[in-house]
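What follows is a short report on a single structure.
Whatever order the structure lists them in is the order used to number ligands and atoms, beginning at 1.
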Amino acid sequence: MTVRPAPSKGDAEVAQTLGALRDQAARAMEAAYAPYSGFRVGAALLSADGAVAAGCNVENAAYPAGVCAERVALGAAVAQGHREFLALAIATEAQEPTPPCGVCRQALVEFAPDLVVLSVTRGGREARWTLHELLPHAFTPHSLDHSRH
Ligand code: THU
């Protein structure tokens with residue numbers, strides 16, 4: 001029996017997928033509800049099966065009740081039945097690409113420790129990390145194994 005390597009996407013296809021993901025994050029940013037900070041954020045999360053879930057930040061007069069774009073996108077994706085994720089695009093109007101906050105890093109690592117995280121600005125600047133780089137030594141579901149005797 002011949003064993004073939006799993007078909008992998010070509011560079012051009014990956015670039016196209018990530019381009020579309022950036023566009024969806026930028027579109028989601030337009031829906032941001034951020035009257036208190038004025039800092040609008042959009043996020044688009046790509047699932048392993050190609051589905052994309054978008055989110056924006058949703059602030060609240062009771063400030064701690066506000067939620068980041070990334071966790072809105074993650075919640076939407078999970079609610080649609082997705083649990084495996086490949087890439088996240090974040091869009092803001094900041095001068096420099098902004099990384100996801102610590103709470104969002106923790107929320108994401110539960111599902112996707114190897115997630116590719118792209119952050120883009122309106123001016124076309126872009127940064128790219130892996131979630132592992134952004135959150136080394138993460139507390140994961142596996143960490144709980146060691147607490148059971
Ligand atoms: N925010 C996000 O949506 N994602 C982040 O990763 C950082 C911060 C939101 C939260 C709040 O609505 C506003 O940006 C300012 O912190």
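- Residue contacts with ligand 1 include P100, since one of its heavy atoms falls under 4.0 Å from the ligand.
- Residue contacts with ligand 1: C101 is placed with a nitrogen or oxygen under 3.5 Å of a nitrogen or oxygen of the ligand (distance criterion only).
- Both L131 and W129 are part of a single hydrophobic cluster, where members link through side-chain heavy atoms under 4.5 Å apart.
- Near E59, meaning under 4.0 Å from any of its heavy atoms, are these atoms of ligand 1: 11 (C), 12 (O), 13 (C).
- In terms of protein heavy-atom proximity, atom 1 (N) of ligand 1 is nearest to C68 SG, 3.6 Å.
- Other residues, nucleotides and ligands place more than 12 heavy atoms under 6.0 Å from the CG atom of D49.
- Ligand 1 has an N or O atom lying under 3.5 Å from an N or O atom of E70, backbone or side chain.
- Every residue two or more places apart in sequence or in another chain was checked for a ring-ring contact (aromatic ring centres under 6.0 Å, His included) with F139, and none qualifies.
- Between the side chain of T121 and the main chain of G124, a donor-acceptor pair closer than 3.5 Å is present.
- When hydrogens are left out, the protein atom nearest atom 9 (C) of ligand 1 is N57 ND2, 3.5 Å; that is the closest non-hydrogen contact.
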Taking only distance into account, with no hydrogens and no angle test, what donor-acceptor pairs under 3.5 Å do side-chain atoms of residues 73-90 form with protein atoms, sequence neighbours excluded?
none

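- R105 contributes a side-chain N or O that, together with a main-chain N or O of L134, makes up a donor-acceptor pair within less than 3.5 Å.
- Under the 4.0 angstrom criterion, atom 4 (N) of ligand 1 counts as having a protein heavy-atom contact.
- Of all atoms in ligand 1, numbered sequentially from 1 with element shown, those under 4.0 Å from a heavy atom of S37 are 13 (C), 15 (C).
- No continuous path of ILVMFWY side-chain contacts below 4.5 Å connects L45 to V52, so the two sit in separate hydrophobic clusters.
- In terms of N/O distances under 3.5 Å, ligand 1 is not approached by C104.
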